[in-house]
2 protein chains.
Amino acid sequence: MAAGKDHKKSSGRVTAEKLAHILGVSAMTVSRALNGRPNVEEKTRRRVIEAARKYGYTPDHIARSLTLRRTETIGVVVPEISHSFFPEVIRGIEDAAYAAGYHLILAHSAEDENRELDAISTLESKRVDGLLISTAQTVTDKSPYLEAMRLGIPIVFFDRVVEGIGATCVSIDDEDCCARVTEHLVGHGYKAIAHLSGPSNVSIGRGRLKGYRKALTRNNIKYRPELVVQSGFHESGGYTAMEKLLELPARQRPDAVVAVNDPSAFGAMKAIQDHRLRIPQDIAIVGMSDDVRAELVFSPLTTIRQPAYKIGETAAAALISEIEGREKNGRKILVETELAVRKSCGCL
Amino acid sequence: MAAGKDHKKSSGRVTAEKLAHILGVSAMTVSRALNGRPNVEEKTRRRVIEAARKYGYTPDHIARSLTLRRTETIGVVVPEISHSFFPEVIRGIEDAAYAAGYHLILAHSAEDENRELDAISTLESKRVDGLLISTAQTVTDKSPYLEAMRLGIPIVFFDRVVEGIGATCVSIDDEDCCARVTEHLVGHGYKAIAHLSGPSNVSIGRGRLKGYRKALTRNNIKYRPELVVQSGFHESGGYTAMEKLLELPARQRPDAVVAVNDPSAFGAMKAIQDHRLRIPQDIAIVGMSDDVRAELVFSPLTTIRQPAYKIGETAAAALISEIEGREKNGRKILVETELAVRKSCGCL
DNA sequence: TTGTACGCGTTATCAA
DNA sequence: TTGATAACGCGTACAA
């Protein structure tokens, strides 16, 4: 009758209370000893630590979070997981988080605004200490971000950032990127440099166009509007845009092309091939973002390497220092990029 | 004096208590109304739901978890994140979890046993409802898994599975895979078929080797131990292992190679090239896993397509049905694979 | 139909 | 140095 009286509640887990009982001390002493508080006798501390190991006691994070109002957990929201960029960013985030003792709750918005909203709200309920977000493409309503910040949950946006709402943004310097890659072409004697530009309503598109123009100006090359064609971010757009350029009278054709990103460059390369022109002899081309395929295409693509891991690492570190009050929210952090010179620009 | 008496505790979050106070009901009524319990007047329910939306009340998952002993969260431990396979698996997991109302805590073991162990123990403390694990390569000690299961946390292993401890395993049928791809070569007349094998302490390595031998046996081809060289799972190992094969006297050299996975095959292809041999004319080669690059290398690689998304989806669904008591732990689930024939095997 | 008391496992606070 | 008590925010069990 008396036996097994607590078989219902004890789910196998050892609690501080139980351990304390075994040791003949109070739960508080256990807590203090294990959390390295000063006010506990060394001898007692050792006994507690020993017993904790022996009985496999680990503080329950859920209960701990409830009192401390802190979960040591970061919510990460990404628009896609499959391709190489975000996984690598996540690896950077994970490493930085792990080093600082934080864990990650990963949510995937699948480029869907509602799913992103849903994720943010659940992450709030799960009391994450901070949010790391790369927005879905369709996002128009910024209020969920503001709401999270109002609740005291700092947000750091990475890659697909939302500026102007007081959250920290971590991304590459689009303008500088594009300026560098353009100047690389200038430096190797190209004169008629075209740009396949991104959509002008996306910050990336605008920034890169600006960088392209800046590079021209700095090198006293006249800007020729007919050499800038919107291609969007995809391969098909790159193809179409390049065809437009190739329809120009031979003398006005570009001798080099700066594509807004690698997929667009791939499309353009195809168009160039289809016109029986050679890369880089007839037309040189460079991209941006270092798609996995860049190295593998028939004429390996010179591009700007996006330091995905670094972006993740930087964003996580920034967020954690804000969570811990060492930094304030609302910074703009630019991550350095690197030029990967391959064959497509004719400089090798 | 009386004013602002609770400015310290109210962290901005609305609690059930506060909402109840506003409505002039008890917290219980709020809870009942929002959780769809029957014993609450329809009118009251509507008032509560309305107010909840108005004041932005969402139940605190942490507090909820503490009482319910359930977090609706799954812990996912993967050995690496960067390459295409695991991200795609994770996407499958995420979709299945999202559909069932579960969230994901992602941990990355970086192929390190201690880090994996650490992850598992923290995930236990965070009270995940179940674990989805793909083991690190170095793992020797299975006790952490047993401990988790003893605590009532079901484990489903995927891809890199641990059999024989009563946990469900989801993977492709390595033996069958490798047998199929080997027989594909046999069927096209290759006689001296080598195998770049995985580490023998990993189930994948063992299973695939077994499949390779089975295919030989079934086709009355003599097994030649010198044609099996350990390459590990990476490109560099594939290169080194292939070099060993190429050092064999010309007459003993293989005319075809079955690599344990695609990266290993890529390394081997490089070694073959460096020896000025042609693929597939001089040596045919096949891989397994369908790395993104397989299609893009100079001689597109014939390989077994790993249904990464499906593996993730299946594993998550299996785990969730075990968490919810609809299935028992300890099943062995094999996911169907598909042969992708390209040029490297000379069969096109 | 609704409310009260209590427990989940931890830590802060204050008393001893 | 240590312990008792309350609180974190919710849900279960029972009482009203």
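Hydrogens, waters and symmetry mates are skipped; everything else that's a heavy atom, side chains included, is used. Note on naming: letters A, B, ... go to the chains in the order of the sequence lines (proteins, then strands), and numbering restarts at 1 for each one.
For the segment residues 43-55 of chain B, residues with any heavy atom less than 4.0 angstrom from an atom of DNA chain C are, sorted by number, B:T44.
Partner of B:T29 under the side-chain contact (heavy atoms from CB on, under 4.5 Å) criterion, out of B:V40, B:L34, B:N39: B:V40 alone.
Nearest nucleotide to the side chain of A:L66, out of C:dG9, D:dC10, C:dT10: C:dG9. Set against C:dG9, D:dG3, D:dG11, the side chain of A:V25 has D:dG3 as its closest nucleotide. Here the side chain of B:E41 is nearest to one of C:dT2, D:dG11, D:dA4, namely C:dT2. Side-chain atoms of B:A63 lie closest to D:dC10 of the nucleotides D:dC10, D:dG3, C:dT10.
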Enumerate all atom pairs, one protein N or O and one N or O from nucleotides 12-16 of chain D, separated by less than 3.5 Å.
residue, atom, partner, partner atom, Å
D:dT12, OP2, B:R37, NH1, 3.3
D:dT12, OP2, B:R37, NH2, 3.4

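With sequence neighbours left out, A:N114 forms a side chain to side chain contact (heavy atoms under 4.5 Å, CB included) with A:D112. In terms of the ring pair (Phe, Tyr, Trp, His ring centres under 6.0 Å) criterion, residue partners of A:Y145 (sequence neighbours excluded) are, by chain and number, A:F157. For A:E324, the salt bridge (charged side-chain N to carboxylate O under 4.0 Å, His left out) partners at least two apart in sequence or on another chain are A:R326. Listed by chain and number, the residues in a salt bridge (charged side-chain N to carboxylate O under 4.0 Å, His left out) with B:E322 are B:R331 (sequence neighbours excluded). Judged as a salt bridge (charged side-chain N to carboxylate O under 4.0 Å, His left out), and not counting sequence neighbours, the contacts of A:K332 are A:E163. Residues passing the side chain to side chain donor-acceptor pair (under 3.5 Å) test with B:K310: none are found, sequence neighbours excluded.
One can place CD of B:E17 at 17 Å from P of C:dT2, the figure rounded to the nearest angstrom. Between the CG atom of A:L23 and the C1' atom of D:dT1 there is a distance of 16 Å, given to the nearest Å. Rounded to whole Å, the distance from CD on B:E72 to P on D:dC10 is 15 Å. Per the geometry, CZ belonging to B:R70 stands 12 Å off C1' belonging to D:dC10, to the nearest Å. The distance from atom OH of B:Y57 to atom P of D:dG9 is 10 Å, rounded to the nearest whole Å. In this structure, NE2 of A:H21 is placed 18 Å from P of D:dT2, rounded to the nearest angstrom. For the pair B:I62 CD1 and C:dT11 P, the computed distance is 14 Å after rounding to whole Å. Between the CG atom of A:L34 and the C1' atom of C:dT10 there is a distance of 12 Å, rounded to whole Å.
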Atom pairs and distances, side-chain donor-acceptor, residues 117-124 of chain B, under 3.5 Å, sequence neighbours left out:
residue, atom, partner, partner atom, Å
B:D118, OD2, A:Y98, OH, 3.3
B:T122, OG1, B:D118, O, 2.8

Name the atoms and distances for all side-chain donor-acceptor pairs under 3.5 Å in residues 46-57 of chain A, with sequence neighbours left out.
residue, atom, partner, partner atom, Å
A:R47, NH2, A:L23, O, 2.9
A:E50, OE1, A:R53, NH2, 3.0

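A salt bridge (charged side-chain N to carboxylate O under 4.0 Å, His left out) check over residues 19-43 of chain A, counting only residues at least two apart or in different chains, returns the pairs A:E42-A:R45.
Rounded to 10 degrees, the angle separating the terminal axes of the helix from C:dT1-D:dA16 to C:dA16-D:dT1 is 50°, with each axis obtained from five end pairs.
Side-chain nitrogen and oxygen atoms of A:T67 include none within less than 4.0 Å of the OP1 or OP2 phosphate oxygen of C:dT11. Phosphate proximity of D:dG3 to A:T29: present, with a side-chain N or O under 4.0 Å from OP1 or OP2. Between B:R64 and D:dG11 there is a side-chain N or O to OP1 or OP2 distance below 4.0 Å.
At least one side-chain heavy atom of B:T168 sits under 4.5 Å from a side-chain heavy atom of B:N329. B:T71 has its side chain out of reach of B:K126: every pair of non-hydrogen atoms, C-beta onward, lies at least 4.5 Å apart.
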